[in-house]
Protein chains: 2
Amino acid sequence: MASTPRADALASQRIVAGLRAQILAGDLEPGARIRQEDLAERFGASRLPVREALRLLEAEGLVRLVANTGAWVARLSLTECTEAYLIRERLEPLLLAESIPSLSEPAVSELDRLADAMEFADLETFLVLDRQFHMLSFSGAASESLAAQVRRLWNTTQHYRRAFAILVDIQHSHLTHHEHHLMVDAISRRDPQDAEALQALHIRRTRKALVEHPELFDVA
Amino acid sequence: MASTPRADALASQRIVAGLRAQILAGDLEPGARIRQEDLAERFGASRLPVREALRLLEAEGLVRLVANTGAWVARLSLTECTEAYLIRERLEPLLLAESIPSLSEPAVSELDRLADAMEFADLETFLVLDRQFHMLSFSGAASESLAAQVRRLWNTTQHYRRAFAILVDIQHSHLTHHEHHLMVDAISRRDPQDAEALQALHIRRTRKALVEHPELFDVA
DNA sequence: TACGACTCGATTGGATCCAATAACAAGATG
DNA sequence: CATCTTGTTATTGGATCCAATCGAGTCGTA
């Protein structure tokens, strides 16, 4: 069997995945310098696939490249982050509405469980569960490119979402959990309209809160 | 002056721009094979920047890559094209609304002129003017990543928009021109709500018409 | 002392060469 | 005669080497 052309057979794909994971995990903060040779050594490859990987991650918005100079983990301004949230506010309701009719009952139960679990999780666990919750809620949608675009937006804003979560002690801010529970209800009732409205509200409220903390975007 | 790190100083960027232009112009149709060596020779470079360029264009959605096998101009299914239009239906109204307050009066006049000119243009000219019209209507917006995303969506669907325009003889279908004139009116009145509604209508109507012609997506 | 030019080092960009993979075709065998 | 196998060839993926560019540090001068 097999012979499915494994994507990670290509060195550049392995490096893209690895570096992306490091950035999302917070090991590499925005502004951190990335040297091609370091990456090459770390992944046991030459600099050639590293260069391709960096170009790809730049297209994803996770890396900033300057010709003949170098690469850095991408930094977002408050304006750019707000822009990402405005886009999410339009796209995620669409994706959720498409997903709802196809979500299995077990999936809905799992959403309910995740919404509960998030209330008593520590910060890093909360961030993981929150992402799981929303991605699972989208998982019924067949629109692959829309889903990919939404994932990209989550990725590019990941660092600032973490910083914001720490700042406002988000696990203990009840509003977020209220919204999650209401979304589970709308989804379990298979009501795309309510779900869309809640999803938009969820993102919009966070965006407005974010604007109240411009210090998150100060360069260190 | 200068010293602005010219993007096209990099060979890969030159190749990306050149190949993209060829695909958008229709010189290369979806499904056409792309050989690295041909491109390298055509652009007077080695295969190395060609490979990077192909990876980038794959990220843009214009090229389809298969590991160890080759590259083809990306082909869209009716479903994928519909998906692109659904995304545009959400994003372009947002972009237009942001743009409107910043559009200069001369720009609005130019929009009016373009809407007129389109009515008496041949097909290829229509396609060019139509793109100019909409991009100009977005030009007041500062959201660069949103604008880039919209441009990507236009690019990936370009071939099918041309094929559709030929099929329905779009220069002579009055509905399109009516919508354009109504949009110019809403913009000149600086009415973001009406403009958003019209922009969404414009895209939605085209999407529904597209579904009536699945033969556009048959593999030759 | 402060500013500017210059040199040196480090890092990236590009070209050539080699290895690996996959498609294609011819031949053998049931 | 069809089908599977095998060998050949063309094309892509990767590594090493060389050139170009940018940044930092130093020296000189106003």
Side-chain angles (χ1 to χ4, degrees), chain A residues 1-20 22-23 28 30-60 62-75 219-220, chain B residues 1-20 22-23 28 30-60 62-75 219-220:
Chain A
M1 56 148 280
S3 105
T4 305
R6 290 294 309 275
D8 58 334
L10 280 74
S12 51
Q13 295 301 323
R14 275 201 350 259
I15 298 171
V16 164
L19 190 54
R20 185 196 291 130
Q22 282 206 337
I23 295 175
L28 270 56
R33 177 66 185 272
I34 304 172
R35 279 190 305 279
Q36 296 186 355
E37 235 163 329
D38 288 1
L39 281 183
E41 187 183 5
R42 184 133 45 92
F43 289 94
S46 90
R47 270 180 40 222
L48 197 147
V50 170
R51 279 168 55 181
E52 289 181 352
L54 290 176
R55 291 264 154 69
L56 288 172
L57 287 168
E58 188 194 25
E60 272 188 43
L62 282 176
V63 163
R64 168 125 192 109
L65 278 180
V66 178
N68 289 315
T69 304
W72 291 263
V73 177
R75 194 194 295 281
V219 279
Chain B
M1 55 149 280
S3 104
T4 305
R6 292 294 307 275
D8 58 333
L10 282 73
S12 50
Q13 295 301 323
R14 276 200 352 256
I15 299 172
V16 163
L19 190 54
R20 185 197 291 128
Q22 283 206 337
I23 294 175
L28 270 57
R33 176 66 185 270
I34 304 172
R35 278 191 305 280
Q36 296 186 356
E37 235 164 330
D38 288 1
L39 281 184
E41 188 183 5
R42 185 136 42 92
F43 288 94
S46 90
R47 272 180 37 223
L48 198 148
V50 170
R51 279 167 56 181
E52 288 181 354
L54 290 176
R55 291 263 155 69
L56 288 172
L57 287 169
E58 188 195 24
E60 272 189 43
L62 282 176
V63 163
R64 168 123 191 112
L65 278 179
V66 178
N68 287 316
T69 305
W72 290 264
V73 177
R75 194 193 295 281
V219 279

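For the numbers below, each heavy atom of this structure counts, side chains included, while hydrogens, waters and symmetry mates do not. Order of the sequence lines sets the chain letters (A, B, ...), proteins ahead of strands, with each chain counted from 1.
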Which nucleotides of nucleotides 13-19 of chain C have their base under 4.0 Å from a protein heavy atom (B), which only their sugar-phosphate (S), and which neither (-), written as one string 5' to 3'? BBBB---
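No donor-acceptor distance shorter than 3.5 angstrom exists from the side chain of B/Arg55 to the backbone of A/Arg55, with no hydrogens or angles considered.
Residues A/Leu28 and A/Leu19 form a side-chain contact, since some pair of their non-hydrogen atoms from C-beta on lies under 4.5 Å apart. Taking 4.5 Å as the limit, every side-chain heavy atom of A/Ile15 sits out of range of all side-chain heavy atoms of A/Leu57. Residues A/Glu52 and A/Leu48 have side chains in contact (heavy-atom distance under 4.5 Å, counting atoms from C-beta outward).
Annotation for B/Arg20: atom CZ counts as buried by contact number, over 12 foreign heavy atoms lying within 6.0 Å.
The heavy-atom pair separating B/Ala71 from B/Leu54 by the smallest distance is CB-CD1, 4.1 Å.
If you measure from atom CZ of A/Arg35 to atom C1' of C/dG9, you get 14 Å, rounded to the nearest angstrom. Atom CD in B/Glu37 sits about 11 Å away from atom P in D/dA10, given to the nearest Å. A/Arg33 has its CZ atom 7 Å from the C1' atom of C/dT11, to the nearest Å.
Using a 4.0 Å heavy-atom cutoff across all strands shown, A/Leu54 reaches no nucleic acid atom at all.
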